[in-house]
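Have a look at the structure below before the remarks.
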Amino acid sequence: MAIIKPQGTNDFLPGGEDISSEKLQKVEELLREICREYGYGEIRTPIFEYTELFQRGVGETTDIVQKEMYTFADRGGRSITLRPENTASTCRAFGEHKLYGRPQQPQKLYYIGPMFRCERPQAGRFRQFHQFGIEVIGTNSPFADAEAICLAWDIYSRLGLKDLELHLNSVGCPKCRAEYRKALQEHLRPALPQLCGTCQDRFERNPMRILDCKNPNCKNLAAGAPTIDQYLCQECAGHFASVQAILTASGIPYHLDSRLVRGLDYYTKTAFEILSGGIGAQSAVCGGGRYDGLMEEVCGQSIPAVGFAAGIERIFGALKAQGLDIEVETGLDVYVIATGDDAAAQQRAFALGQELRKAGLRVDFDLLSRGMKAQFKAANREGARFAVILGGDEFARGVAQVKDMQAGEQVEVALAEVTAHIQSKMA
Ligand code: ATP
Ligand code: MG
(Lines give C-alpha, C1' and ligand atoms only; values in the text may rest on other atoms or scores of the structure.)
(Ligands and ions follow the chains in the order given, each with its own letter.)
Protein backbone atom coordinates (compact mmCIF):
# COMPACT_ATOMS: atom_id res chain seq x y z
CA MET A 1 0.00 0.00 0.00
CA ALA A 2 1.19 3.51 -0.78
CA ILE A 3 2.41 5.50 2.21
CA ILE A 4 0.42 8.60 3.14
CA LYS A 5 1.30 11.66 5.21
CA PRO A 6 0.94 11.51 9.00
CA GLN A 7 -2.37 12.66 10.45
CA GLY A 8 -2.61 16.37 11.13
CA THR A 9 0.04 17.37 8.60
CA ASN A 10 -0.20 19.10 5.22
CA ASP A 11 1.56 18.98 1.89
CA PHE A 12 1.68 22.40 0.30
CA LEU A 13 1.82 21.99 -3.45
CA PRO A 14 2.54 24.41 -6.26
CA GLY A 15 -0.81 25.19 -7.83
CA GLY A 16 -2.43 23.34 -4.93
CA GLU A 17 -6.14 23.68 -4.32
CA ASP A 18 -6.43 24.76 -0.73
CA ILE A 19 -3.24 26.40 0.44
CA SER A 20 -0.85 26.32 -2.48
CA SER A 21 2.84 26.77 -1.79
CA GLU A 22 2.66 29.99 -3.85
CA LYS A 23 -0.02 31.42 -1.59
CA LEU A 24 1.95 30.40 1.45
CA GLN A 25 5.01 32.16 0.04
CA LYS A 26 2.98 35.25 -0.75
CA VAL A 27 1.70 35.47 2.82
CA GLU A 28 5.21 34.90 4.15
CA GLU A 29 6.48 37.72 1.90
CA LEU A 30 3.85 40.05 3.32
CA LEU A 31 4.88 39.09 6.85
CA ARG A 32 8.54 39.73 6.06
CA GLU A 33 7.68 43.05 4.42
CA ILE A 34 5.73 44.22 7.44
CA CYS A 35 8.63 43.19 9.69
CA ARG A 36 11.02 45.24 7.57
CA GLU A 37 8.72 48.24 7.90
CA TYR A 38 8.69 47.85 11.67
CA GLY A 39 12.43 47.17 11.96
CA TYR A 40 12.39 43.51 13.02
CA GLY A 41 15.15 41.07 12.07
CA GLU A 42 14.58 37.39 11.44
CA ILE A 43 15.77 34.77 13.91
CA ARG A 44 15.94 31.11 12.88
CA THR A 45 16.37 28.64 15.68
CA PRO A 46 16.58 24.84 15.49
CA ILE A 47 13.39 22.91 14.93
CA PHE A 48 14.30 20.71 17.89
CA GLU A 49 15.63 21.68 21.30
CA TYR A 50 16.42 19.96 24.55
CA THR A 51 13.07 19.11 26.15
CA GLU A 52 14.00 21.00 29.30
CA LEU A 53 13.78 24.30 27.41
CA PHE A 54 10.06 23.90 26.80
CA GLN A 55 9.39 22.40 30.23
CA ARG A 56 10.78 25.58 31.71
CA GLY A 57 9.96 28.07 28.97
CA VAL A 58 6.42 26.96 28.12
CA GLY A 59 5.61 25.62 31.56
CA GLU A 60 5.01 22.21 33.14
CA THR A 61 1.33 22.95 33.75
CA THR A 62 0.43 23.93 30.19
CA ASP A 63 -1.46 21.73 27.74
CA ILE A 64 1.49 21.99 25.42
CA VAL A 65 3.97 20.44 27.84
CA GLN A 66 1.56 18.02 29.46
CA LYS A 67 -0.08 16.60 26.35
CA GLU A 68 1.11 18.00 23.08
CA MET A 69 4.87 17.70 22.69
CA TYR A 70 6.69 15.40 20.29
CA THR A 71 9.41 14.24 22.62
CA PHE A 72 11.92 11.46 22.02
CA ALA A 73 15.34 10.32 23.14
CA ASP A 74 18.07 10.91 20.56
CA ARG A 75 20.81 8.37 19.92
CA GLY A 76 22.83 9.72 22.82
CA GLY A 77 19.85 9.35 25.16
CA ARG A 78 19.18 13.11 25.49
CA SER A 79 15.53 14.09 25.58
CA ILE A 80 14.71 16.10 22.48
CA THR A 81 11.47 17.89 21.61
CA LEU A 82 10.22 19.20 18.28
CA ARG A 83 9.47 22.84 19.01
CA PRO A 84 5.79 23.45 19.85
CA GLU A 85 6.32 27.23 19.71
CA ASN A 86 9.22 29.60 19.19
CA THR A 87 9.29 32.03 22.09
CA ALA A 88 11.29 29.80 24.43
CA SER A 89 13.88 29.13 21.70
CA THR A 90 14.11 32.84 20.91
CA CYS A 91 14.78 33.65 24.56
CA ARG A 92 17.33 30.85 24.76
CA ALA A 93 19.14 32.19 21.71
CA PHE A 94 18.93 35.75 23.02
CA GLY A 95 20.75 34.68 26.17
CA GLU A 96 23.10 32.22 24.51
CA HIS A 97 24.35 34.82 22.02
CA LYS A 98 24.27 37.64 24.58
CA LEU A 99 22.03 39.78 22.41
CA TYR A 100 21.49 41.97 25.46
CA GLY A 101 25.04 43.18 24.90
CA ARG A 102 24.33 44.48 21.39
CA PRO A 103 24.22 48.24 20.97
CA GLN A 104 20.77 48.16 19.40
CA GLN A 105 18.17 47.75 22.12
CA PRO A 106 15.57 46.50 22.47
CA GLN A 107 16.16 43.53 20.17
CA LYS A 108 13.24 43.18 17.78
CA LEU A 109 13.05 39.69 16.33
CA TYR A 110 10.63 37.77 14.17
CA TYR A 111 10.35 34.14 13.12
CA ILE A 112 8.41 32.08 10.60
CA GLY A 113 8.39 28.32 10.53
CA PRO A 114 6.86 24.98 11.39
CA MET A 115 5.82 24.09 14.93
CA PHE A 116 4.75 20.67 16.18
CA ARG A 117 1.99 19.74 18.58
CA CYS A 118 0.47 16.32 18.99
CA GLU A 119 -3.11 17.58 19.18
CA ARG A 120 -6.34 15.91 18.17
CA PRO A 121 -6.64 16.94 14.54
CA GLN A 122 -9.68 19.08 13.76
CA ALA A 123 -10.53 22.06 11.59
CA GLY A 124 -7.81 24.69 11.93
CA ARG A 125 -5.70 22.49 14.21
CA PHE A 126 -2.73 20.58 12.87
CA ARG A 127 0.16 18.59 14.27
CA GLN A 128 2.65 20.38 12.09
CA PHE A 129 1.61 23.97 11.46
CA HIS A 130 3.31 27.26 10.73
CA GLN A 131 3.65 30.13 13.08
CA PHE A 132 4.79 33.64 12.52
CA GLY A 133 5.74 35.62 15.57
CA ILE A 134 7.68 38.54 16.94
CA GLU A 135 9.49 39.20 20.19
CA VAL A 136 10.62 42.58 21.50
CA ILE A 137 13.20 41.81 24.15
CA GLY A 138 14.72 44.38 26.48
CA THR A 139 12.01 46.94 27.26
CA ASN A 140 8.99 47.25 29.51
CA SER A 141 7.66 50.30 27.69
CA PRO A 142 3.93 50.13 26.92
CA PHE A 143 4.86 51.43 23.46
CA ALA A 144 6.48 48.05 22.81
CA ASP A 145 3.24 46.26 23.69
CA ALA A 146 1.34 48.64 21.45
CA GLU A 147 3.83 48.19 18.61
CA ALA A 148 3.47 44.40 18.77
CA ILE A 149 -0.31 44.73 18.67
CA CYS A 150 -0.22 47.26 15.81
CA LEU A 151 2.05 44.96 13.80
CA ALA A 152 -0.30 42.04 14.28
CA TRP A 153 -3.32 44.19 13.46
CA ASP A 154 -1.60 45.42 10.29
CA ILE A 155 -1.13 41.87 9.04
CA TYR A 156 -4.79 40.96 9.18
CA SER A 157 -6.07 44.26 7.91
CA ARG A 158 -3.68 44.25 4.97
CA LEU A 159 -4.88 40.78 4.09
CA GLY A 160 -8.34 42.31 3.81
CA LEU A 161 -9.89 40.43 6.73
CA LYS A 162 -13.01 41.97 8.18
CA ASP A 163 -14.68 41.54 11.57
CA LEU A 164 -11.35 41.57 13.34
CA GLU A 165 -11.53 41.75 17.10
CA LEU A 166 -8.68 42.62 19.36
CA HIS A 167 -9.23 41.24 22.86
CA LEU A 168 -7.08 42.88 25.46
CA ASN A 169 -6.36 42.28 29.11
CA SER A 170 -3.69 42.71 31.73
CA VAL A 171 -2.77 39.67 33.78
CA GLY A 172 -0.83 41.76 36.26
CA CYS A 173 2.43 40.66 37.79
CA PRO A 174 3.31 37.93 40.32
CA LYS A 175 2.81 40.52 43.06
CA CYS A 176 -0.78 41.54 42.35
CA ARG A 177 -1.71 38.16 40.94
CA ALA A 178 -1.15 36.35 44.24
CA GLU A 179 -4.14 38.16 45.72
CA TYR A 180 -6.25 37.44 42.66
CA ARG A 181 -5.36 33.75 42.62
CA LYS A 182 -6.56 33.44 46.17
CA ALA A 183 -9.90 35.10 45.36
CA LEU A 184 -10.30 32.93 42.28
CA GLN A 185 -9.61 29.76 44.24
CA GLU A 186 -12.06 30.82 46.95
CA HIS A 187 -14.72 31.28 44.32
CA LEU A 188 -14.04 28.00 42.52
CA ARG A 189 -13.43 25.77 45.53
CA PRO A 190 -17.10 24.72 46.00
CA ALA A 191 -17.27 23.78 42.30
CA LEU A 192 -13.97 21.90 42.33
CA PRO A 193 -15.47 18.37 42.15
CA GLN A 194 -17.51 19.34 39.07
CA LEU A 195 -14.60 20.81 37.10
CA CYS A 196 -13.02 18.71 34.35
CA GLY A 197 -9.95 16.66 35.25
CA THR A 198 -7.57 19.13 33.66
CA CYS A 199 -9.08 22.03 35.59
CA GLN A 200 -8.92 20.08 38.85
CA ASP A 201 -5.20 19.73 38.19
CA ARG A 202 -4.97 23.43 37.41
CA PHE A 203 -6.73 24.46 40.59
CA GLU A 204 -3.61 24.55 42.75
CA ARG A 205 -0.87 25.13 40.26
CA ASN A 206 -2.45 27.30 37.63
CA PRO A 207 -6.01 28.37 38.54
CA MET A 208 -6.18 31.26 36.05
CA ARG A 209 -6.07 28.74 33.23
CA ILE A 210 -9.46 27.47 34.39
CA LEU A 211 -10.99 30.66 32.94
CA ASP A 212 -9.54 29.59 29.61
CA CYS A 213 -10.96 26.04 29.59
CA LYS A 214 -12.95 25.20 26.48
CA ASN A 215 -15.16 22.68 28.33
CA PRO A 216 -18.70 24.20 28.46
CA ASN A 217 -19.29 22.90 31.97
CA CYS A 218 -16.10 24.53 33.29
CA LYS A 219 -17.05 27.70 31.43
CA ASN A 220 -20.37 27.74 33.27
CA LEU A 221 -18.85 27.05 36.65
CA ALA A 222 -16.32 29.83 36.15
CA ALA A 223 -18.87 32.29 34.79
CA GLY A 224 -19.23 34.43 37.90
CA ALA A 225 -15.60 34.18 38.99
CA PRO A 226 -13.81 37.38 40.03
CA THR A 227 -11.71 38.97 37.29
CA ILE A 228 -8.16 40.24 37.43
CA ASP A 229 -8.94 43.90 36.63
CA GLN A 230 -10.05 44.51 40.23
CA TYR A 231 -6.71 43.28 41.54
CA LEU A 232 -4.07 45.01 39.42
CA CYS A 233 -1.38 46.86 41.37
CA GLN A 234 -0.73 50.51 40.61
CA GLU A 235 2.16 49.80 38.29
CA CYS A 236 0.29 47.17 36.26
CA ALA A 237 -2.87 49.29 36.08
CA GLY A 238 -0.83 52.29 34.90
CA HIS A 239 0.95 50.23 32.27
CA PHE A 240 -2.34 48.83 31.03
CA ALA A 241 -3.90 52.28 30.82
CA SER A 242 -0.92 53.47 28.75
CA VAL A 243 -1.21 50.56 26.32
CA GLN A 244 -4.87 51.37 25.83
CA ALA A 245 -4.20 55.07 25.32
CA ILE A 246 -1.53 54.35 22.71
CA LEU A 247 -3.83 51.97 20.83
CA THR A 248 -6.62 54.51 20.89
CA ALA A 249 -4.28 57.20 19.56
CA SER A 250 -3.28 54.82 16.75
CA GLY A 251 -6.86 54.05 15.82
CA ILE A 252 -6.79 50.39 16.86
CA PRO A 253 -10.13 49.32 18.37
CA TYR A 254 -10.06 46.84 21.25
CA HIS A 255 -12.40 44.94 23.55
CA LEU A 256 -11.38 44.69 27.16
CA ASP A 257 -11.65 41.03 28.09
CA SER A 258 -10.85 40.40 31.73
CA ARG A 259 -11.16 36.63 31.22
CA LEU A 260 -8.31 36.49 28.74
CA VAL A 261 -5.55 34.81 30.74
CA ARG A 262 -2.22 33.17 30.34
CA GLY A 263 -1.83 31.84 33.79
CA LEU A 264 1.90 31.24 34.14
CA ASP A 265 4.01 33.31 36.46
CA TYR A 266 6.28 34.67 33.78
CA TYR A 267 3.41 36.18 31.81
CA THR A 268 2.90 39.71 33.02
CA LYS A 269 0.73 42.70 32.22
CA THR A 270 -0.56 42.78 28.63
CA ALA A 271 -2.33 39.74 27.16
CA PHE A 272 -4.09 39.91 23.83
CA GLU A 273 -5.71 37.87 21.12
CA ILE A 274 -6.95 38.76 17.68
CA LEU A 275 -10.06 36.94 16.52
CA SER A 276 -11.34 36.80 13.00
CA GLY A 277 -15.02 36.40 12.17
CA GLY A 278 -16.25 33.25 10.51
CA ILE A 279 -13.82 30.53 11.60
CA GLY A 280 -15.76 29.22 14.57
CA ALA A 281 -14.17 27.67 17.61
CA GLN A 282 -10.64 28.16 16.32
CA SER A 283 -11.22 31.85 15.77
CA ALA A 284 -8.00 33.09 17.36
CA VAL A 285 -5.63 34.01 14.59
CA CYS A 286 -3.00 35.24 16.98
CA GLY A 287 -2.18 35.44 20.65
CA GLY A 288 0.45 37.29 22.57
CA GLY A 289 1.44 39.46 25.44
CA ARG A 290 4.16 40.47 27.81
CA TYR A 291 6.39 37.96 29.55
CA ASP A 292 8.71 39.86 31.83
CA GLY A 293 9.58 36.73 33.79
CA LEU A 294 10.44 34.37 30.97
CA MET A 295 14.04 35.37 30.28
CA GLU A 296 14.83 34.74 33.94
CA GLU A 297 13.39 31.23 33.62
CA VAL A 298 15.19 30.37 30.38
CA CYS A 299 18.56 32.06 30.76
CA GLY A 300 18.77 33.41 34.27
CA GLN A 301 18.65 37.09 33.28
CA SER A 302 15.78 39.31 34.25
CA ILE A 303 14.89 41.07 30.98
CA PRO A 304 11.38 42.26 30.07
CA ALA A 305 9.84 41.22 26.77
CA VAL A 306 6.64 41.22 24.76
CA GLY A 307 5.52 39.36 21.64
CA PHE A 308 2.90 37.30 19.89
CA ALA A 309 2.52 34.19 17.78
CA ALA A 310 0.17 33.81 14.84
CA GLY A 311 -0.97 30.67 13.11
CA ILE A 312 -0.40 30.90 9.36
CA GLU A 313 -2.88 28.15 8.42
CA ARG A 314 -5.46 30.05 10.46
CA ILE A 315 -4.92 33.05 8.19
CA PHE A 316 -6.03 30.93 5.27
CA GLY A 317 -8.98 29.57 7.23
CA ALA A 318 -10.04 33.13 8.02
CA LEU A 319 -9.63 34.28 4.42
CA LYS A 320 -11.64 31.35 3.12
CA ALA A 321 -14.42 31.92 5.64
CA GLN A 322 -14.74 35.48 4.36
CA GLY A 323 -14.61 34.54 0.70
CA LEU A 324 -11.19 36.10 0.26
CA ASP A 325 -8.17 34.62 -1.45
CA ILE A 326 -4.49 35.36 -1.98
CA GLU A 327 -3.77 36.43 -5.55
CA VAL A 328 -0.63 34.82 -6.86
CA GLU A 329 1.25 35.77 -9.94
CA THR A 330 1.76 32.78 -12.16
CA GLY A 331 2.49 32.72 -15.82
CA LEU A 332 5.59 32.62 -17.89
CA ASP A 333 7.24 35.30 -19.93
CA VAL A 334 8.53 32.97 -22.61
CA TYR A 335 8.01 29.40 -23.73
CA VAL A 336 10.84 28.23 -26.00
CA ILE A 337 9.58 25.81 -28.61
CA ALA A 338 12.13 23.60 -30.32
CA THR A 339 10.77 21.93 -33.45
CA GLY A 340 12.15 19.15 -35.61
CA ASP A 341 14.76 16.50 -34.89
CA ASP A 342 17.90 18.57 -35.43
CA ALA A 343 19.85 18.03 -32.18
CA ALA A 344 22.01 21.13 -32.75
CA ALA A 345 18.88 23.27 -33.23
CA GLN A 346 17.31 21.83 -30.09
CA GLN A 347 20.46 22.55 -28.12
CA ARG A 348 20.51 26.11 -29.46
CA ALA A 349 16.87 26.54 -28.43
CA PHE A 350 17.72 25.27 -24.95
CA ALA A 351 20.69 27.67 -24.75
CA LEU A 352 18.44 30.51 -25.89
CA GLY A 353 16.15 29.70 -22.99
CA GLN A 354 19.13 30.02 -20.68
CA GLU A 355 20.01 33.43 -22.15
CA LEU A 356 16.47 34.62 -21.55
CA ARG A 357 16.55 33.33 -17.96
CA LYS A 358 19.84 35.11 -17.35
CA ALA A 359 18.09 38.29 -18.45
CA GLY A 360 15.61 37.71 -15.62
CA LEU A 361 12.72 36.39 -17.67
CA ARG A 362 10.57 33.46 -16.61
CA VAL A 363 11.13 30.80 -19.20
CA ASP A 364 10.06 27.25 -19.82
CA PHE A 365 11.31 24.70 -22.33
CA ASP A 366 9.65 21.46 -23.34
CA LEU A 367 11.23 18.52 -21.52
CA LEU A 368 9.03 15.87 -23.10
CA SER A 369 10.18 16.19 -26.74
CA ARG A 370 6.61 16.88 -27.78
CA GLY A 371 5.44 18.02 -31.19
CA MET A 372 4.98 21.70 -31.99
CA LYS A 373 1.22 21.68 -31.41
CA ALA A 374 1.56 20.15 -27.96
CA GLN A 375 4.28 22.65 -27.11
CA PHE A 376 2.02 25.56 -28.10
CA LYS A 377 -0.67 24.06 -25.90
CA ALA A 378 1.79 23.90 -23.02
CA ALA A 379 2.81 27.51 -23.67
CA ASN A 380 -0.85 28.55 -23.44
CA ARG A 381 -1.52 26.45 -20.37
CA GLU A 382 1.43 28.05 -18.60
CA GLY A 383 0.26 31.51 -19.59
CA ALA A 384 3.36 32.38 -21.63
CA ARG A 385 3.41 35.95 -22.94
CA PHE A 386 5.72 34.98 -25.82
CA ALA A 387 6.60 31.81 -27.66
CA VAL A 388 10.01 31.60 -29.28
CA ILE A 389 10.09 28.99 -32.03
CA LEU A 390 13.33 27.55 -33.24
CA GLY A 391 13.55 24.69 -35.74
CA GLY A 392 16.28 23.35 -38.00
CA ASP A 393 15.47 25.91 -40.70
CA GLU A 394 15.59 28.91 -38.34
CA PHE A 395 18.75 27.56 -36.72
CA ALA A 396 20.46 27.35 -40.13
CA ARG A 397 19.56 30.99 -40.80
CA GLY A 398 20.50 32.22 -37.30
CA VAL A 399 16.97 33.42 -36.48
CA ALA A 400 13.94 32.48 -34.38
CA GLN A 401 10.23 33.22 -34.67
CA VAL A 402 8.94 35.30 -31.78
CA LYS A 403 5.19 35.07 -31.29
CA ASP A 404 3.33 37.50 -29.08
CA MET A 405 0.73 35.15 -27.63
CA GLN A 406 -1.62 37.98 -26.66
CA ALA A 407 -1.52 39.96 -29.89
CA GLY A 408 -1.09 36.87 -32.05
CA GLU A 409 1.67 38.59 -34.06
CA GLN A 410 4.74 36.66 -35.09
CA VAL A 411 8.03 38.21 -36.21
CA GLU A 412 11.37 36.78 -37.21
CA VAL A 413 14.24 37.96 -35.03
CA ALA A 414 17.99 37.29 -35.26
CA LEU A 415 19.01 34.84 -32.52
CA ALA A 416 21.36 37.37 -30.95
CA GLU A 417 18.50 39.90 -30.74
CA VAL A 418 15.77 37.71 -29.24
CA THR A 419 16.37 38.68 -25.61
CA ALA A 420 16.51 42.42 -26.34
CA HIS A 421 13.46 42.16 -28.59
CA ILE A 422 11.35 40.48 -25.91
CA GLN A 423 12.60 42.83 -23.21
CA SER A 424 11.65 45.89 -25.26
CA LYS A 425 8.19 44.41 -25.94
CA MET A 426 7.67 43.76 -22.24
CA ALA A 427 8.83 47.18 -21.08
P1 ATP B 1 -5.62 27.33 21.38
O2 ATP B 1 -6.22 27.88 22.62
O3 ATP B 1 -6.44 27.56 20.13
O4 ATP B 1 -5.13 25.91 21.51
P5 ATP B 1 -2.99 28.19 21.91
O6 ATP B 1 -3.11 28.95 23.16
O7 ATP B 1 -2.48 26.79 21.95
O8 ATP B 1 -4.36 28.24 21.10
P9 ATP B 1 -0.73 29.65 21.03
O10 ATP B 1 0.17 28.66 21.62
O11 ATP B 1 -0.87 30.99 21.64
O12 ATP B 1 -2.18 29.02 20.85
O13 ATP B 1 -0.39 29.80 19.47
C14 ATP B 1 -0.60 31.01 18.77
C15 ATP B 1 -1.40 30.78 17.51
O16 ATP B 1 -0.92 29.64 16.79
C17 ATP B 1 -2.86 30.46 17.74
O18 ATP B 1 -3.60 31.64 17.92
C19 ATP B 1 -3.24 29.79 16.45
O20 ATP B 1 -3.46 30.75 15.44
C21 ATP B 1 -1.98 29.01 16.10
N22 ATP B 1 -2.08 27.60 16.49
C23 ATP B 1 -1.91 27.05 17.71
N24 ATP B 1 -2.02 25.72 17.68
C25 ATP B 1 -2.27 25.39 16.38
C26 ATP B 1 -2.48 24.16 15.68
N27 ATP B 1 -2.44 23.00 16.30
N28 ATP B 1 -2.71 24.20 14.35
C29 ATP B 1 -2.74 25.40 13.69
N30 ATP B 1 -2.54 26.58 14.29
C31 ATP B 1 -2.31 26.59 15.61
MG1 MG C 1 -3.43 24.97 22.07
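Order of appearance sets the numbers: ligands from 1, and atoms from 1 within every ligand. Numbering of residues begins at 1 and proceeds along the displayed sequence.
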A309 N/O under 3.5 Å from ligand 1 N/O: no
As a check for students: among R125, R117, Q131, R127, identify the option with a heavy atom nearest to atom 10 (O) of ligand 1. R117
Side chain, backbone, both or neither: V285 near ligand 1, heavy atoms under 4.0 Å: backbone
So which pairs with a foot in residues 147-193 pass ring pair (Phe, Tyr, Trp, His ring centres under 6.0 Å), sequence neighbours left out? H167-H255, Y180-Y231
Does the side chain of I228 come within less than 4.5 Å of V261's, by heavy atoms? no
Is the shortest side-chain heavy-atom distance between L24 and I312 below 4.5 Å? yes
Distance filter under 4.0 Å to C286 heavy atoms, resulting ligand 1 atoms: 18 (O)
Indicate yes or no: does R385 engage D404 in a salt bridge with an N to O separation below 4.0 Å. yes
What residue pairs, at least two apart or across chains, pass ring pair (Phe, Tyr, Trp, His ring centres under 6.0 Å) with a residue in residues 352-380? F350-F365
Ligand-residue contact atoms, ligand 1 with K214, heavy atoms, under 4.0 Å: 2 (O)
Any nitrogen or oxygen of F126 lying under 3.5 Å from a nitrogen or oxygen in ligand 1? Just yes or no. yes
Against ligand 1, does E313 come closer than 4.0 Å with any heavy atom? no
Below 4.0 angstrom, N of the basic side chain to O of the carboxylate: do K358 and E355 qualify? no
A student checking ligand 1 against G124 at a 4.0 Å heavy-atom cut-off should list atoms 28 (N), 29 (C), 30 (N)
Would you kindly check if the NZ (Lys) or CZ (Arg) of R83 is within the cone defined by 45 degrees around the ring axis of F54 and under 6.0 Å from the six-membered ring centre? no
Any nitrogen or oxygen of A284, main chain or side chain, under 3.5 Å from a nitrogen or oxygen of ligand 1? yes
